[in-house]
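Take a look at the structure set out below.
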Amino acid sequence: MKVIVTNSFDQTCEIAAEMIGDVIHRKPDARLGLATGSTAQGVYPYLVKANRAGTLDFSRVSTINLDEYVGLAPDHPQSYRRFMDENLFDHINIDRKNTIVAKGTGDIEANVRAFRKALLERPIDVQLLGIGVDGHVGFNEPGKVLYDGAHVEELDESTIDANARFFENRDEVPTRAISMGMGDILRAKKLLLLATGENKADALKGLLLNEELDVQNPATLVKTHPDATVIIDRTLADKVGYKYQPIKR
Ligand code: F6R
């Protein structure tokens, strides 16, 4: 696992966007695995900027998102489909037919089956990941077991607390989500896990400071991946107690 320690969250996002851009340059019809939330939100403006500058073409790119809340229709302001449209897809030359976000309303079992089928269609070339305060990736929450494939996950109280900032009040935060499984994430050819903020330090310790794989900290499984890069800023690295070489750029 490669670890890059940057000078700022902004630099973290810029580097992640460049790495995603490199994948697309090498493979113009790449499949991107995408994430939502504040961390991923910092990356998308760099992709939009490169697309507008004419240096990054999304016309043959396809995408599939990690997760979607159960109970929110695609046009709900806090749905992950809407997040992706507003933060990325509305601003780049991607064919909307090539973007997949699981559907969180209607027949949920059928939606999970459809999402599983979509995941099987082709491998993910690069998967963007944030990390929850409890170590979740996608919405694979700590528990007795982790799941290989896409499934419905009950969100932890800490996740509901963390995501309440996006809703009028905590009661509106969905308690379940459709998520890629840990296996789906680990099958991506390349993983990019980004983090910022002191509240992510405990989860990061399990990933960066030891060799343990811990179902109570799902992000620790990222260390088993043959091509994973973790990008964090130095404020977070210091909080974690991770020793690093300062970045030269
Ligand atoms: C989002 C997702 C989550 C987030 C994580 C961090 O699609 O799968 O794992 O990446 O909850 O969220 P932020 O970046 O908002 O702290």
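In this chain, numbering begins with 1 at the start of the sequence shown. Values in this document were obtained by computation on a predicted structure and should not be read as measured data.
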Q) More than 12 foreign heavy atoms under 6.0 Å from NZ of Lys49: is that the case here? A) no
Q. Are Tyr147 and Met182 side-chain neighbours, meaning at least one heavy-atom pair lies under 4.5 Å?
A. no
Q. Between Ile4 and Ile247, which heavy-atom pair has the shortest distance, and what is it?
A. CG2-CD1, 3.9 Å
Q | Set of residues satisfying side chain to side chain donor-acceptor pair (under 3.5 Å) with respect to Asp214, sequence neighbours excluded | A | none
**Q.** Carboxylate-amine/guanidinium contact Arg31 Asp125, below 4.0 Å
**A.** no
**Q.** Minimum heavy-atom distance Leu221-Leu213, with the two atoms named
**A.** CA-CD2, 4.2 Å
**Q.** Pairs meeting criterion salt bridge (Lys or Arg N to Asp or Glu O under 4.0 Å) with involvement of residues 101-110, two or more places apart
**A.** none
Table please: side-chain donor-acceptor pairs of residues 234-245 below 3.5 Å, with sequence neighbours left out.
unit_1: Arg234; atom_1: NH1; unit_2: Asn7; atom_2: OD1; d: 3.1
unit_1: Asp238; atom_1: OD1; unit_2: Tyr244; atom_2: OH; d: 3.1

Q: Decide yes or no for Leu193 and Thr229: does some side-chain heavy atom of the first lie under 4.5 Å from some side-chain heavy atom of the second?
A: no
Q) Quick one: are Tyr46 and Asp10 in side-chain contact, heavy atoms under 4.5 Å? A) yes
Q: Tell me, with the steps shown, if Asp57 and Asn93 meet side-chain hydrogen bond (donor to acceptor under 3.5 Å, both in side chains).
A: CA-CA 7 Å; Asp57 178 19; Asn93 69 330; 2.7 Å; yes
Q: Compare all side-chain heavy atoms of Thr105 with those of Pro74 and state whether any distance is below 4.5 angstrom.
A: yes
Q: Using a strict 4.0 Å threshold on nitrogen-to-oxygen distance, state whether Glu212 and Lys205 make a salt bridge.
A: no
Q.
I want to check something: taking the side chain as every heavy atom from C-beta on, are Leu186 and Thr224 in contact at a cut-off of under 4.5 Å?
A. yes
Q. In terms of hydrophobic clustering (I, L, V, M, F, W, Y; side-chain heavy atoms under 4.5 Å; direct or indirect links), are Ile185 and Val152 co-clustered?
A. yes
Q.
With heavy-atom distances below 4.5 Å as the criterion, would you say the side chains of Val215 and Lys144 are in contact?
A. no
Name each donor-acceptor pair under 3.5 Å that joins a side chain in residues 112-120 to protein atoms two or more places apart or in another chain, with its distance.
unit_1: Arg116; atom_1: NE; unit_2: Ala150; atom_2: O; d: 2.9
unit_1: Arg116; atom_1: NH2; unit_2: Ala150; atom_2: O; d: 2.9

Q.
Check this for me, if you would: do Arg82 and Asp85 make a salt bridge, where the nitrogen-to-carboxylate-oxygen distance has to be below 4.0 angstrom?
A. no
(Q) With salt bridge (Lys or Arg N to Asp or Glu O under 4.0 Å) as the rule and sequence neighbours excluded, what pairs involving residues 14-26 come up? (A) Glu18-Arg249
Q.
Does any part of the side chain of Met180, heavy atoms only, come nearer than 4.5 Å to the side chain of His151, both counted from C-beta?
A. no
Q. So Phe9 and Ile231, side chain to side chain contact (heavy atoms under 4.5 Å, CB included) or not? Walk me through it.
A. CA-CA 9 Å; Phe9 175 58; Ile231 316 179; over 6 Å; no
Q.
Go through it in stages, so that I can follow the logic: the residues are Val126 and Lys189, the test is side chain to side chain contact (heavy atoms under 4.5 Å, CB included), and I'd like the CA-CA distance, side-chain angles, deciding distance and then a yes or no.
A. CA-CA 6 Å; Val126 56; Lys189 291 185 190 164; over 6 Å; no
Q. Is a side-chain donor or acceptor of Lys223 paired with a backbone partner of Asn210 at a separation under 3.5 angstrom?
A. yes
Q. Does Ser179 use its side chain to pair, donor to acceptor, with the backbone of Gly181 at less than 3.5 Å?
A. no
Q: Fit a plane to each ring of Phe83 and Tyr44, take the angle between them on a 0 to 90° scale, and name the class: parallel (under 30°), tilted (30 to 60°) or perpendicular (over 60°).
A: perpendicular
Q) Is there a path from Ile131 to Val222 through hydrophobic residues (I, L, V, M, F, W, Y) whose side chains come within less than 4.5 Å of each other? A) yes
Q.
Set out, in order, the CA-CA distance, both residues' side-chain angles and the distance that settles side chain to side chain contact (heavy atoms under 4.5 Å, CB included) for Arg170 and Asp161, then state yes or no.
A. CA-CA 7 Å; Arg170 193 184 185 279; Asp161 287 343; 2.5 Å; yes
Identify all side-chain donor-acceptor contacts of residues 61-72 below 3.5 Å with residues at least two apart in sequence or on another chain.
unit_1: Ser62; atom_1: OG; unit_2: Arg122; atom_2: NH1; d: 2.9
unit_1: Asn65; atom_1: ND2; unit_2: Leu34; atom_2: O; d: 3.4
unit_1: Asp67; atom_1: OD2; unit_2: Phe139; atom_2: N; d: 3.4
unit_1: Glu68; atom_1: OE1; unit_2: Tyr80; atom_2: N; d: 2.9
unit_1: Glu68; atom_1: OE2; unit_2: Tyr80; atom_2: N; d: 3.2
unit_1: Glu68; atom_1: OE2; unit_2: Arg81; atom_2: N; d: 3.1
unit_1: Tyr69; atom_1: OH; unit_2: Tyr80; atom_2: OH; d: 3.2
unit_1: Tyr69; atom_1: OH; unit_2: Asn163; atom_2: ND2; d: 3.0

Q.
One pair to check against side chain to side chain contact (heavy atoms under 4.5 Å, CB included): Gln78 and Glu172. What are the steps and the verdict?
A. CA-CA 10 Å; Gln78 296 307 333; Glu172 288 175 22; over 6 Å; no
Q: Determine whether Val43 and Ile232 fall in the same hydrophobic cluster, where Ile, Leu, Val, Met, Phe, Trp and Tyr are linked whenever their side-chain heavy atoms lie under 4.5 Å apart.
A: no
Q | Stepwise side-chain hydrogen bond (donor to acceptor under 3.5 Å, both in side chains) test for His136 and Thr159 | A | CA-CA 9 Å; His136 71 224; Thr159 302; 3.2 Å; yes
Q.
Counting only heavy atoms from other residues, nucleotides and ligands, does the tally under 6.0 Å from CD of Glu86 exceed 12?
A. yes
Q) Is the shortest heavy-atom distance from the side chain of Ile124 to the side chain of Arg187 under 4.5 Å? A) no
